[in-house]
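Residue numbers begin at 1 in each chain, while the letters A, B, ... track the order of the sequences.
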2 protein chains.
Amino acid sequence: MVDIFLPNGRESHLEVSEQILNVANKLFAERGYEGTSLSAIADEVGIRKPSLLYHYSSKDTLRQAVLARLMEHWQSVLPRILEAATSGDDRFESLVGEVVNFFAEDLDRARLLYREILDRPEELRDQMRAFLSPWLTILADYIRNGKQDGSVRPDIDPEAYILSVIQMIVGGLATNNVFGALFDGTDAPIERQAAELTRIARASLFTSEYLAKRYT
Amino acid sequence: MVDIFLPNGRESHLEVSEQILNVANKLFAERGYEGTSLSAIADEVGIRKPSLLYHYSSKDTLRQAVLARLMEHWQSVLPRILEAATSGDDRFESLVGEVVNFFAEDLDRARLLYREILDRPEELRDQMRAFLSPWLTILADYIRNGKQDGSVRPDIDPEAYILSVIQMIVGGLATNNVFGALFDGTDAPIERQAAELTRIARASLFTSEYLAKRYT
DNA sequence: CCTACCGATCGGTAGG
DNA sequence: CCTACCGATCGGTAGG
């Protein structure tokens with residue numbers, strides 16, 4: 001824990017093990033796990049590969065640490081997200097907005113998560129179950145209640161809807177630099193895509209009667 | 001071009017270069033480009049690595065050939081898709097259905113495409129522009145017309161909507177084995193997810209007035 | 001935190 | 001289509 005200028009030019013006031021985590025997160029997201037060497041990570045941190053292996057005893061250990069930190073971060077914002085979903089005036093916008101913000105504020109989160117899903121589906125399926133199931137159930141029940149009182153469309157498939165919307169948000173942001181580049185203009189495609197994602201999620205959830213009452 | 005039993009047990013009646021393409025497509029989709037060695041591909045085909053390099057002079061050449069074949073295949077079904085989009089009675093279902101079918105009939109297509117987008121965004125952005133722009137323009141105009149006659153929701157962002165739906169379909173199918181496993185039951189999650197994706201796309205596009213007239 | 005080093009595997013070539 | 005082989009790089013270890 002020293003304040004020095006690193007070879008890469010950035011001043012550091014972070015523990016080395018945390019710097020390693022940050023660099024690994026970035027490179028794994030950009031180039032993938034198999035496409036990133038331990039030397040490349042060590043270089044960008046400003047240490048040698050054996051020094052890296054002192055902090056994380058293997059490449060797989062480092063990968064798990066990066067993924068675990070993402071999941072912990074996600075869990076730390078979960079209470080706020082769930083509160084947004086079940087109270088307040090514009091709860092739907094708040095809910096989707098919180099999820100969008102979490103991934104939009106660091107697109108590498110979306111890219112890393114998507115890569116892990118493609119690389120290790122069995123492991124991620126278990127992780128997603130652990131970190132998503134609690135509020136998947138809550139939200140699905142919430143949607144079913146909405147069907148009863150007529151605010152939610154009757155032909156919706158609650159679980160499939162929620163998972164599709166999550167996937168649409170994460171995937172849409174992870175691929176924003178490709179799909180967003182197909183827009184006419186060249187300006188601010190993230191906000192534009194995020195806005196349309198929110199609109200799609202809202203319009204496909206609520207009945208027009210409810211929307212007319214709420215949003216006019 | 002001989003009919004023999006390969007070491008891997010599958011009878012072959014394909015040109016070797018086509019077998020290589022098939023195996024490479026599968027392994028690139030499953031493990032990624034960096035996670036797949038030329039030896040692994042050659043082994044599964046039943047030849048040696050230098051023989052593979054006779055057909056494709058480098059690993060990158062092979063990657064480009066795999067991607068090119070996917071794009072050509074996509075272009076070959078494009079006319080049918082565009083026809084479905086602009087004629088017939090239930091044109092919307094046909095359009096989305098064709099896109100869903102293309103990727104659902106071989107999930108490795110979706111996985112490969114998504115991996116390429118993450119691995120090489122600049123290259124894929126150009127490819128997507130070439131293979132998507134022609135009908136992105138057509139469909140966007142079509143949606144704008146729908147705004148005029150009241151069949152399409154006025155607050156839609158045509159380009160962002162189309163690209164979001166494409167991403168939702170490709171991403172939803174590429175990650176189906178992970179997200180689909182979170183459903184209650186264990187049966188047929190692809191059809192269930194595909195059905196909900198179609199519903200979301202439809203409900204977020206049309207006005208309720210138009211849907212009431214069309215689907216009752 | 002480092003230097004020095006390990007066996008294994010990588011993409012690719014020579015030559016037939 | 002093969003065997004034999006190349007330099008480079010991989011993840012990881014020994015030892016300080």
Side-chain angles (χ1 to χ4, degrees), chain A residues 1-8 10-28 30-67 115-116 119-120 123, chain B residues 1-8 10-28 30-67 115-116 119-120 123:
Chain A
M1 172 85 132
V2 265
D3 264 291
I4 47 154
F5 278 97
L6 295 171
N8 58 25
R10 290 183 287 98
E11 192 176 358
S12 163
H13 22 252
L14 295 167
E15 301 284 355
V16 174
S17 62
E18 200 171 343
Q19 290 183 54
I20 294 172
L21 233 42
N22 289 339
V23 172
N25 192 308
K26 174 188 149 199
L27 294 185
F28 286 164
E30 278 176 11
R31 313 174 189 176
Y33 177 77
E34 296 290 347
T36 305
S37 69
L38 292 178
S39 301
I41 298 170
D43 278 1
E44 193 159 326
V45 173
I47 59 176
R48 300 292 176 187
K49 185 175 57 172
S51 308
L52 188 157
L53 286 163
Y54 164 78
H55 293 280
Y56 301 94
S57 57
S58 74
K59 194 184 182 185
D60 192 69
T61 301
L62 176 56
R63 179 189 66 79
Q64 289 179 38
V66 169
L67 186 57
R115 284 190 182 277
E116 286 292 315
D119 284 347
R120 272 163 289 274
E123 178 180 340
Chain B
M1 171 87 131
V2 265
D3 263 290
I4 48 154
F5 278 97
L6 295 172
N8 59 24
R10 290 183 287 100
E11 194 178 356
S12 164
H13 26 252
L14 294 169
E15 299 285 355
V16 174
S17 62
E18 200 172 342
Q19 291 183 54
I20 294 172
L21 232 43
N22 289 340
V23 172
N25 192 308
K26 174 187 147 197
L27 293 185
F28 286 164
E30 278 176 9
R31 315 174 188 174
Y33 177 78
E34 297 289 348
T36 305
S37 69
L38 292 179
S39 301
I41 299 171
D43 278 1
E44 194 157 326
V45 173
I47 59 176
R48 300 291 175 187
K49 185 176 58 173
S51 309
L52 188 157
L53 286 163
Y54 164 77
H55 293 280
Y56 301 94
S57 58
S58 74
K59 193 184 182 183
D60 192 67
T61 301
L62 177 56
R63 178 189 68 78
Q64 289 180 36
V66 169
L67 186 57
R115 283 191 183 277
E116 286 293 314
D119 285 346
R120 274 162 288 274
E123 179 181 339

(message) Please name the nucleotide paired to C:dG16 by Watson-Crick or G-U wobble geometry with both distances under 3.5 Å, or report none.
(response) D:dC1
(message) Using the side-chain heavy atoms of B:S58, tell me which of these nucleotides is nearest: C:dG12, C:dC2, D:dT3.
(response) C:dG12
(request) Look through every strand shown and name the nucleotide pairing with C:dG7 as Watson-Crick or G-U wobble, where both distances are under 3.5 Å. (result) D:dC10
(request) Write down the atom of A:V66, the atom of A:N25, and the distance for their closest heavy-atom approach. (result) CG1-ND2, 3.7 Å
(request) Please report the closest heavy-atom contact between A:L14 and A:Q19, naming both atoms and the distance. (result) O-NE2, 3.2 Å
(message) Quick check: on DNA chain D, is the nucleotide nearest B:S51 upstream (toward 5') of the one nearest A:E34, or the reverse? Name the residue that is more 5'.
(response) B:S51
(request) Would you indicate which nucleotide in D:dG12, C:dG11, C:dT13 comes nearest to any side-chain atom of B:L53? (result) C:dT13
(request) Specify the separation, in whole Å, of atom CD of B:Q64 and atom P of C:dG11. (result) 16 Å
(message) Using the side-chain heavy atoms of A:V16, tell me which of these nucleotides is nearest: C:dC1, C:dG12, D:dG11.
(response) C:dC1
(message) Could you tell me how far apart B:K49 (NZ) and D:dC2 (P) are, to the nearest whole angstrom?
(response) 13 Å
(request) Please state how far atom CG in A:D60 lies from atom C1' in D:dG12, giving the value in whole angstrom units. (result) 13 Å
(message) Using the side-chain heavy atoms of A:K59, tell me which of these nucleotides is nearest: D:dG11, C:dG11, C:dC2.
(response) D:dG11
(request) In whole angstrom, give the distance that lies between atom CZ of A:R48 and atom P of D:dG12. (result) 19 Å
(request) Specify the separation, in whole Å, of atom CG of B:D43 and atom P of D:dC2. (result) 11 Å
(request) Round to a whole Å and report the spacing from CG of A:L52 to C1' of D:dC10. (result) 14 Å
(request) For B:I47 and D:dT3, give me the distance from atom CD1 to atom C1', rounded to whole Å. (result) 15 Å
(message) If the threshold is 4.0 Å, N to carboxylate O, is there a salt bridge linking A:R63 and A:E116?
(response) yes
(request) In whole angstrom, give the distance that lies between atom CG of A:L62 and atom C1' of D:dG12. (result) 14 Å
(message) Considering every strand and a 4.0 Å limit on heavy-atom distances, what is the contact class for B:T61: base, sugar-phosphate, or nothing?
(response) nothing
(request) Compare the minimum distances between each of C:dC2, D:dC1, C:dC10 and the side chain of B:S37, then state the nucleotide with the smallest one. (result) C:dC10
(request) Just compare C:dA14, D:dG12, C:dG11 and give me whichever is closest to any side-chain atom of B:L38. (result) C:dG11
(message) Quick check: closest heavy atoms across A:K59 and A:T36, and the distance to 0.1 Å?
(response) NZ-O, 2.7 Å
(message) On DNA chain D, does the nearest nucleotide to B:Y54 precede the nearest nucleotide to A:A40 from the 5' side, or the other way round? Give the residue.
(response) B:Y54
(request) Would you mind reporting whether A:D119 and B:R115 have side-chain heavy atoms less than 4.5 Å apart? (result) yes
